[in-house]
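Here is the structure we will look at.
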Amino acid sequence: MPDTVQSDVEIAVAGGSIAGLCAGSALLAAGFDVHVFERSVGRLSSRGAGIVVQPELMALLSAIDAPPLTTTRCRTRRTIAGTSGKFQEAHMPQRFTSWEAIYASLRDAFPEERYHSGKTIQIVENQTSGVLVRANGDDMDARLLVAADGFRSAIRSSLTPETTTQYAGYIAWRGVVDEADLSDEIVDFFDDTFSFCITGNGGHALCYFIPGDGLVTERGARRLNWVWYTSVDEGDALNAIMTDRNGKQRKAAVPQGLVNANALEAFHYRTAELDDRFAQIVQTTRDPFIQAIVDIAPPAMVFGRVCLLGDAAFVVRPHTAAAASKAAADASALAHALRNDGPDIGRALTAWQQARLPIGQQLVNYGVALGERSQRQGAR
Ligand SMILES: Cc1cc2nc3c(=O)[nH]c(=O)nc-3n(C[C@H](O)[C@H](O)[C@H](O)COP(=O)(O)OP(=O)(O)OC[C@H]3O[C@@H](n4cnc5c(N)ncnc54)[C@H](O)[C@@H]3O)c2cc1C
């Protein structure tokens, strides 16, 4: 929106990515006067590539009449044992999508005049009856602030400074490769599967097809999304990998095109630990990127008239395939609680927190358990 000064709002949402748009859309559909404020300017670009489709997200998209989500499908889960070439298969249908596809559905469904780009939200005063927030120097009163400002949430840090980011001891190398850049043999092998490769170093890799450029899903136009989890000790080893091409020390992720040459060379060398076909997709990928695996679990999601939602609340490990669906479920539950207890926001927030806090904690624990199991499995 070409931005004018925003007058007071009923509900302000800080962050206009997936969680912020889920919250904005669900609250709007429930009849609230809600505005979303996003720090970045323009449409957001890809984060995280492939996403496994979960029912909570589909339920929210359907409830808000969003344009259909573009998805790909598979019927088989395949697990390959290291470089042996041997694999096992099970019938396990799954749908996949991409960050871009989810963002496009949510953004297209949300009214432009309620989405304010280039606005950074800060809390001025968190009172019992509402919250005074500042958006790029302009103050406004809101009855509620929904903080959906992501895994490095400054709002969470200001409300619960004791909440720490725990490095899990391993990173994810990630990438997407155009199907057209792969041989027919590789495409045929991975088509219709969610494939895993258990490596001998305490890690594993996985891949699946996602929509391609322009959200096209026809064979030949899709992308193959892959992730390779690998142990890296905290300290010098991690710092060396997380220092980007320009010498900047990154904490959470090294974006596409910014991985330093030494890290990339060592990474390519290590593809010998992978099944040949996995190694080929990794080596064909132009710009892999890195995500440090972390756990974040705040003690509460509600602080006065501010609530934390999506990654701003709990950061769960990617093995759960539940981060985006958690954001959607947080948002749907918030809209439901406020609609039921609308006049009494305090009661509604208490009910919402009682429902969502244990789920966030359980998902963090589940991610830790899955991570430990897969690291052990790989190390065998
Ligand atoms: C590399 C990577 C890979 C991922 N892969 C998967 C996956 O495979 N499956 C899955 O389910 N999830 C995945 N996720 C997580 C998933 O993308 C998120 O859980 C989901 O998108 C919800 O994110 P979010 O909206 O809470 O936070 P973000 O997407 O981080 O968005 C936060 C937004 O808030 C804005 N912002 C920050 N501060 C302010 C402020 N003060 N005021 C206004 N705006 C602000 C930021 O600019 C940003 O747009 C991945 C994440 C990453 C980083």
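Sequence positions, counted from 1, serve as the residue numbers for this chain. Order of appearance sets the numbers: ligands from 1, and atoms from 1 within every ligand.
- Contact atoms of ligand 1 toward Ala148: 32 (C), 33 (C), 34 (O) (distance under 4.0 Å to a heavy atom of the residue).
- Taking the six-membered ring for Trp and the full ring otherwise, Tyr115 and His35 have centroids separated by 6.0 Å or more.
- Under the 4.0 angstrom criterion for non-hydrogen atoms, Ala253 is not in contact with ligand 1.
- The six-membered or imidazole ring of His336 lies away from that of Phe32, with a centre-to-centre distance of 6.0 Å or more.
- Those atoms of ligand 1 that come under 4.0 Å of a heavy atom in Phe37, given as number and element, are 43 (C), 44 (N).
- Distances shorter than 4.0 angstrom do not occur between any heavy atom of Gln122 and any atom of ligand 1.
- Aromatic rings of Trp226 and Phe278 (six-membered ring for Trp) have centroids beyond the 6.0 Å cut-off, not under it.
- Aromatic ring centres of Phe289 and Trp173: separated by at least 6.0 Å.
- Taking any N or O of Leu44, backbone or side chain, none lies under 3.5 Å from an N or O belonging to ligand 1.
- A salt bridge links Glu112 with Arg107; the closest basic N to acidic carboxylate O contact falls under 4.0 Å.
- The pair Asp192-Arg219 fails the salt-bridge criterion, with no side-chain N (NZ, NE, NH1 or NH2) lying under 4.0 Å from an Asp/Glu carboxylate O.
- For a threshold of 3.5 Å applied to N or O pairs, the pair formed by Ser325 and ligand 1 contains no separation below that value.
- The closest non-hydrogen atom to atom 40 (C) of ligand 1, taken over Ile210, Ile123, Val227, Ile121, comes from Ile121.
- For residues 256-267, no pair satisfies salt bridge (Lys or Arg N to Asp or Glu O under 4.0 Å), with sequence neighbours left out.
- Residues Arg222 and Asp213 are not paired through a salt bridge, judged by the lack of any N-O separation under 4.0 Å between the basic side chain and the carboxylate.
- Taking any N or O of Thr120, backbone or side chain, none lies under 3.5 Å from an N or O belonging to ligand 1.
- Taking each of Arg39, Lys119, Arg152 in turn, the one with a heavy atom nearest to atom 45 (C) of ligand 1 proves to be Arg39.
- Interface of Ala324 with ligand 1, defined as ligand atoms under 4.0 Å from a residue heavy atom, comprises 10 (C), 11 (O), 12 (N), 19 (O).
- When non-hydrogen atoms are compared, ligand 1 lies under 4.0 Å from neither the backbone nor the side chain of Ile102.
- Look at Ala154 and you'll find every heavy atom at least 4.0 Å from all atoms of ligand 1.
- Residue Asp311 holds the heavy atom nearest to atom 22 (C) of ligand 1 of all those in Leu309, Ile290, Asp311.
- The neighbour count for Arg286 CZ, taken as heavy atoms of other residues, nucleotides or ligands under 6.0 Å away, does not exceed 12.
- Of the options Ser40, Ser158, Gly50, the smallest heavy-atom separation from atom 8 (O) of ligand 1 is shown by Gly50.
- The nearest non-hydrogen atom to atom 14 (N) of ligand 1, considering only Ala323, Ala49, Ala135, Ala292, comes from Ala323.
- For Phe151 and Phe314, the distance between ring centers is not under 6.0 angstrom.
- Between Ala14 and ligand 1, not a single N/O pair is under 3.5 Å apart.
- Those atoms of ligand 1 that come under 4.0 Å of a heavy atom in Trp99, given as number and element, are 17 (O), 21 (O).
- Taking 4.0 Å as the cut-off, Pro318 does not count as a neighbour of ligand 1 on heavy-atom distance.
- When ring centroids are compared, Phe96 and Phe194 come within the 6.0 Å threshold.
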Practice item. Please report the C-alpha distance between Arg134 and Ile123 in whole Å, then the side-chain angles of each, then the deciding distance to 0.1 Å, and finally whether the side chain to side chain contact (heavy atoms under 4.5 Å, CB included) criterion is met. Key: CA-CA 6 Å; Arg134 183 164 296 156; Ile123 298 172; over 6 Å; no

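- Residue pairs meeting the salt bridge (Lys or Arg N to Asp or Glu O under 4.0 Å) criterion with at least one partner in residues 300-329, sequence neighbours excluded, are Asp295-Arg317.
- Residue contacts with ligand 1: Phe289 is placed with no nitrogen or oxygen under 3.5 Å of a nitrogen or oxygen of the ligand (distance criterion only).
- For a threshold of 3.5 Å applied to N or O pairs, the pair formed by Glu38 and ligand 1 contains at least one separation below that value.
- Backbone and side-chain nitrogen or oxygen atoms of Ala19 are examined, and one is located within less than 3.5 angstrom of a nitrogen or oxygen of ligand 1.
- Nearest to atom 21 (O) of ligand 1 by heavy-atom distance, out of Ile51, Asn136, Ile18, is Ile18.
- Neither Val368 nor Val315 shares a network with the other; the hydrophobic side chains, linked directly or stepwise wherever heavy atoms of I, L, V, M, F, W or Y lie under 4.5 Å apart, form separate groups for each.
- Put simply, part of Arg174 is less than 4.0 Å from ligand 1, judged by heavy atoms.
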